[in-house]
Each structure stands twice: as C-alpha cells, then as structure tokens.
Amino acid sequence: MNLQPIEMLEKNFFRRDALTVAPDLLGKVLVREKNGEEIRFVIMEVEAYDGEEDSACHASRGRTPRTEAMYGPAGFWYVYLVYGMHYMLNITTGEEGYPSAVLIRGAREVTGPGRLTRALSVDASFNAKEASKDTGLWIEEGTISPSLGEVEKTPRIGVDYAGEWASKPYRFVWKDNLKC
DNA sequence: ACGATGATGAAC
DNA sequence: TTCATCATCGTA
C-alpha cells in the first residue's frame, strides 16, 4: 500500500484557462479548517467566468475594487455578496492581469453556492486571500474524478442579463450517477 | 411567485 | 448622494 499525503492544489493548477480549470475541479475536495476541525466537500458543480469580454463576468465592467482579486494571481479566493444575503465562493484562474475565476456552485451533499458558503462559514473576509492551509480554506486532490461522459455542460445560472454570453456552456456538473 | 437584504458601481 | 441591480434562497 502506498499511503501518500493528500496533495493540496497549488498555483500551477489554477494558472490555466478558467474553462480548463472548471471541469478539472469536479471531484476535487474543498477543505475548511476551523477551530481545529476540518470539513471536506467533494466539488460537484462549477462555473467559469472568463475575462472582460464575458458579459456575465464581473470584470466585464473593468477593474474595480471588487474585481481586484480576479486580476491578481491564480489560486486566490474571490468572494462577494449577492442579493444582500449570500456569499459566492470563487477561485481565481489564469495569468496575473487576466481576470477570470471559477465559481464553486455545489458539492456533494450541498447544492447551491449560497448554501455552500454558509456550510463552510465562508464570508467576504476570505476575499483576495490565497487558497492555502494558512487561510483555513483550500482545495485538495480527490480520490475519484468524473469520466468524460459524467460531466454535463450547461449555460450558467442566474446570468440571463448577459446577452449572448448567458447561453455559453460554461457550467459543469458531475452527474452523480453513483449516488445511492 | 415573491420578499428579504446590503454591497457595488454608475449616474447626477 | 441616490439609485437600480444583483453569479440566491426560503417560504408560500
């Protein structure tokens, strides 16, 4: 038997196109450490937000205080509040200077981006912090990943305002065939 | 199908 | 300083 420490995903994993990173995150494990306890969720649903051209991406309005993190290096959290109630958790991707990120929308046993951040006790204080053990929130290698046939591609949720970009298949879901 | 609820960015 | 908007969710 070959027991190796579980590998934390580092900058190089995230320093690729958001559209490449997004499906690759399915099956990876989101880890939150709080008060000495670690909770883990297998990532099941994500969306890519890719650059200023993407009307659904917050960076479509250019660089603002809110979108700073997306313009920074890959592997950092981008967290913001929507509808005055729910925090959305994103991980930044791509080269520094190019704004892009992947929204983590759901995990095994937790469906919905707002419910996920609540389950993890994640709020805006994580914004622009690195995904690492130091910050108490990171992503690890998983034990299984979906096969190609198990990944469903659909338009993103809640971005109907984004014109032609609203219909692009930037959402990736691991169809949970094995669930029982 | 609707209201809660508050930060953000843009207009004035 | 005001205002519309919003990557949602729970209850009806």
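A note on names: the letters A, B, ... follow the listed sequences, proteins ahead of strands, and every chain is numbered from 1. Values below: every heavy atom of this structure, side chains too, minus hydrogens, waters and symmetry copies.
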- Note on the structure: Pairing string of DNA chain B (Watson-Crick or G-U wobble, both atom distances under 3.5 Å; | = paired to other strand) is ||||.||||||.
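- Side chain A:Y80 to base C:dA7: a donor-acceptor pair is found below 3.5 Å.
- Contact check on A:R63 versus A:E68 returns a salt bridge, with a Lys/Arg side-chain nitrogen under 4.0 Å from an Asp/Glu carboxylate oxygen.
- For A:Y83 and C:dC6, the OH to P distance is 7 Å, given to the nearest whole Å.
- A continuous path of ILVMFWY side-chain contacts below 4.5 Å connects A:I91 to A:V110, so both sit in one hydrophobic cluster.
- One atom, CE of A:M85, and another, C1' of C:dT11, lie 12 Å apart when rounded to the nearest Å.
- The A:R61 side chain lies nearest to B:dA10 when the options are B:dA10, C:dT8, C:dA7.
- Regarding contacts with the backbone of C:dA7, a side-chain N or O of A:H58 is found under 4.0 angstrom from either OP1 or OP2.
- Distance A:M88 CE to C:dT8 P: 6 Å, rounded to the nearest Å.
- The nucleotide whose nearest atom lies closest to any side-chain atom of A:Y161 is, among C:dT8, C:dA7, B:dG9, C:dA7.
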- Start with the C-alpha distance between A:T93 and A:S100, add both sets of side-chain angles, then the distance that settles side-chain hydrogen bond (donor to acceptor under 3.5 Å, both in side chains), and finish with yes or no. CA-CA 6 Å; A:T93 56; A:S100 63; 2.7 Å; yes
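- Because its NZ or CZ atom is both nearer than 6.0 Å to the ring centre of A:W174 and within 45° of the ring axis, A:R108 counts as a cation-pi partner of that residue.
- Taking atom CD of A:E52 as the reference point, atom C1' of B:dG9 lies 15 Å away to the nearest angstrom.
- A:F76 and A:Y78 have their aromatic ring centers separated by at least 6.0 angstrom.
- Of the side-chain N and O atoms in A:R118, one or more sit less than 4.0 angstrom from OP1 or OP2 of C:dG10.
- Put simply, CG on A:L89 is 13 Å from P on C:dC9, counting in whole angstrom units.
- Rounded to a whole angstrom, the distance from the P atom of B:dA1 to that of C:dA7 is 22 Å.
- Phosphate contact (OP1/OP2 of B:dG9, side-chain N/O of A:R66, threshold under 4.0 Å): present.
- In this entry the distance linking CG of A:N127 with C1' of C:dA7 reads 14 Å, nearest Å.
- Regarding A:D160, its CG atom lies at a distance of 11 Å from the P atom of C:dA7, rounded to whole Å.
- The side chain of A:L81 has B:dA7 as its nearest neighbour among B:dA7, C:dG10, C:dA7.
- For A:R115, taking side-chain heavy atoms from C-beta onward, the closest of the listed nucleotides C:dT8, C:dA7, C:dG10 is C:dG10.
- Geometrically, A:R16 does not engage A:F14 in a cation-pi contact defined by less than 6.0 Å to the ring centre and at most 45° from the axis.
- Look at A:Y49 and the base of C:dA7; the rings stack, centres closer than 5.5 Å and planes less than 30° apart.
- If you take CD1 of A:I157 and P of C:dC6, they are 16 Å apart, rounded to a whole angstrom.
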- Task: Could you give me the CA-CA distance, side-chain angles and deciding distance for A:D134 and A:K129, then say whether salt bridge (Lys or Arg N to Asp or Glu O under 4.0 Å) is met?
- Result: CA-CA 10 Å; A:D134 287 343; A:K129 299 226 173 106; over 6 Å; no
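- Applying the side-chain hydrogen bond (donor to acceptor under 3.5 Å, both in side chains) criterion to A:T154, with sequence neighbours excluded, gives A:R171.
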